[in-house]
Protein chains: 2
Amino acid sequence: MNIKEASEKTGVSSAAIRYYEKESLIPPIDRTAVGNRDIDDRIIRRITFVTQMRAAGMSIENLRRYIELFDAQEDNTKEQKALLQEQLGVMEEKRDDLQAAIDHLNYKLNHFYDHMESTEEELRELERQHADKVAQKPTEDDDGFNNAY
Amino acid sequence: MNIKEASEKTGVSSAAIRYYEKESLIPPIDRTAVGNRDIDDRIIRRITFVTQMRAAGMSIENLRRYIELFDAQEDNTKEQKALLQEQLGVMEEKRDDLQAAIDHLNYKLNHFYDHMESTEEELRELERQHADKVAQKPTEDDDGFNNAY
DNA sequence: CCTTGCCTTGAAGTACACATGAAGGTTTAA
DNA sequence: TTAAACCTTCATGTGTACTTCAAGGCAAGG
């Protein structure tokens, strides 16, 4: 498939695919007789992988280091493992930060219902959730916003 | 406390704190007689909140929109709720991408053990995990890396 | 033959989120 | 009183990750 189809399939712009190839985030892409890129499913999977890691917050630079290790022929499994574990730690931390922020937003969202168009059913639900929150996290929760409830 | 102490307390640079104030991500900070910023715990909490949201991938622009709504006096709870829910969706998607990438790395990591210094105990553990993976996700898992096992 | 629509490379431009530097003010300590 | 160590504003610089532009090639349709 040509680069435009690949772009549509992955949601990554053609320019970005070329950029990823130049930066060696994806392997060298085969060319047709006239020099156009001919992209197969292996490349598509790589692009998707890069997209996932980028969305997860990994920089191009680190992603390249990571991929270089994997593509190398030498038996550098120890370094690979170390790099994997390092990256795993970074990502788990990020995930936890993200979850904390999600919890924060959910909390606020629930308290909106609390003083808006909430039904009694919802109110009872929220009292339960609030009790849960307080049980898990008894810390002072004033972040300086006018929480308006 | 002065800006340097606040910087050390939050891990955010002095320049970034000034930038956040200018961009209205944190409220106007009180000044001392000579015009220096005098930062209290309310501001510290706000800075921490901004840091969390930034780490969660929220842009300065969206964060400002978000905070503006919260700081406004008018009763715009509907818009607030909509914005919260929108942001929540973005963040949950991000969290899921992150979790997918973490799973991916864990899978690779497990397969390293599989052909390295793994004990028989670890091997049995991994067979179980692998079976789980296959059960949950029977899709073709070749991402184009030389998985080396 | 000419337009349309795809492609190529290489260079230059852009947006974001700060970082850094210049020029100057205040307070403390020797 | 002079230096150190903070601070201020305003302007400009920087790194990342692309995007956009310029100049041109190839193939098909009218």
Side-chain angles (χ1 to χ4, degrees), chain A residues 1-40 43-44 46-68 87 90 94 97 101, chain B residues 1-40 43-44 46-68 87 90 94 97 101:
Chain A
M1 89 189 71
N2 66 23
I3 200 169
K4 203 193 183 198
E5 288 165 332
S7 169
E8 283 158 4
K9 202 162 186 175
T10 60
V12 176
S13 76
S14 299
I17 292 174
R18 294 194 193 98
Y19 173 73
Y20 288 164
E21 188 189 12
K22 195 149 92 184
E23 295 297 316
S24 303
L25 300 188
I26 56 182
I29 301 173
D30 292 341
R31 305 307 176 103
T32 65
V34 297
N36 290 6
R37 287 174 182 81
D38 185 17
I39 297 176
D40 60 20
I43 302 292
I44 295 289
R46 279 277 195 123
I47 294 171
T48 302
F49 175 72
V50 168
T51 304
Q52 277 181 26
M53 299 298 267
R54 296 278 310 117
M58 198 179 204
S59 70
I60 297 290
E61 169 67 16
N62 280 340
L63 196 43
R64 212 200 22 244
R65 287 199 312 136
Y66 171 80
I67 284 170
E68 263 166 22
Q87 183 58 25
V90 170
K94 223 160 211 191
D97 279 359
Chain B
M1 88 189 71
N2 66 24
I3 200 168
K4 204 194 183 197
E5 289 165 330
S7 168
E8 283 157 4
K9 201 161 188 177
T10 58
V12 176
S13 75
S14 299
I17 293 175
R18 294 195 193 97
Y19 173 72
Y20 288 165
E21 188 189 13
K22 195 150 91 184
E23 296 297 319
S24 303
L25 300 188
I26 56 183
I29 300 173
D30 291 342
R31 304 309 176 103
T32 66
V34 298
N36 291 4
R37 288 174 181 79
D38 184 17
I39 297 175
D40 61 20
I43 303 290
I44 294 290
R46 278 279 194 121
I47 293 171
T48 302
F49 174 72
V50 167
T51 304
Q52 275 182 28
M53 298 298 268
R54 295 279 308 119
M58 199 181 204
S59 70
I60 297 290
E61 169 67 16
N62 280 339
L63 196 43
R64 198 165 39 70
R65 287 200 311 137
Y66 171 81
I67 286 170
E68 263 167 21
Q87 183 58 25
V90 170
K94 226 162 208 190
D97 278 359

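So that the names make sense, note that chain A is the first sequence line, chain B the second, and so on, each numbered from 1.
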Revision key, fill the gap. Rounded to whole Å, CD of A:Glu61 lies from P of D:dT16 at a distance of 8 Å
Point to revise | Closest-nucleotide ordering on DNA chain D, the 5'-leading residue of A:Ala16 and B:Arg31 | key: B:Arg31
Review point. B:Met53 CE to C:dC16 P: how many Å, rounded?
Key: 18 Å
Point to revise | Sidechain N-carboxylate O distance under 4.0 Å for B:Glu61, B:Arg64 | key: yes
Exercise for review: Quickly work out the A:Asn36 CG to C:dC6 P distance and round it to whole Å.
Suggested key: 12 Å
Practice item. Have a look at A:Arg54 and say if it touches a base, only the backbone sugar-phosphate, or nothing, with a 4.0 Å heavy-atom cut-off. Key: sugar-phosphate
Point to revise | Heavy-atom check, side chain of B:Thr10 versus side chain of B:Thr51, under 4.5 Å | key: no
Check your understanding: Whole Å only: how far is the CD atom of A:Glu5 from the P atom of C:dC7?
Key -> 8 Å
Review point. Reckon B:Tyr20 has a side-chain N or O less than 4.0 Å from the OP1 or OP2 of C:dC18?
Key: yes
Practice item. In whole angstrom, give the distance that lies between atom CG of A:Leu63 and atom C1' of D:dA17. Key: 12 Å
Exercise for review: Would you check if B:Asn62 and B:Arg65 make a side-chain contact, meaning some heavy-atom pair closer than 4.5 Å?
Suggested key: yes
Review point. Can you find a side chain N or O atom of A:Ser13 that sits less than 4.0 Å from OP1 or OP2 on D:dC18?
Key: no
Check your understanding: Do any side-chain nitrogens or oxygens of A:Asn2 fall under 4.0 Å of OP1 or OP2 in C:dC7?
Key -> yes
**Study point:** Nucleotide of C:dT20, D:dT8, C:dC7 approaching B:Ala15 most closely (side-chain heavy atoms)
**Key:** C:dT20
Practice item. Can you tell me the distance, in whole Å, between the CD1 atom of B:Ile17 and the P atom of C:dT20? Key: 15 Å
**Study point:** Contact under 4.0 Å: A:Arg37 side-chain N or O vs C:dT9 OP1/OP2
**Key:** yes
Exercise for review: Side-chain contact test, heavy atoms from C-beta onward, threshold under 4.5 Å: evaluate it for B:Ile47 versus B:Lys9 and give yes or no.
Suggested key: no
Practice item. Could you tell me the separation between the CD1 atom of A:Ile47 and the C1' atom of D:dA17, rounded to a whole number of Å? Key: 16 Å
Exercise for review: Would you mind classifying the nucleic acid contact of B:Ser14 as base, sugar-phosphate or nothing, using non-hydrogen atoms under 4.0 angstrom?
Suggested key: nothing
Review point. Between atom CG in B:Asp38 and atom P in D:dC7, what is the gap in whole Å?
Key: 12 Å
Study note, to complete from the structure: Taking for B:Ile60 and for B:Arg18 the nucleotide of DNA chain C with the nearest heavy atom, the one nearer the 5' end belongs to B:Ile60
Exercise for review: Select base, sugar-phosphate, or nothing to describe what A:Thr32 touches, counting heavy atoms under 4.0 Å on all strands.
Suggested key: nothing
Check your understanding: Are any of the side-chain nitrogens in A:Arg54 or A:Glu23 under 4.0 Å away from the carboxylate oxygens of its partner?
Key -> no
Point to revise | From D:dT8, C:dT8, D:dA17, nucleotide with atom closest to A:Ser59 side chain | key: D:dA17
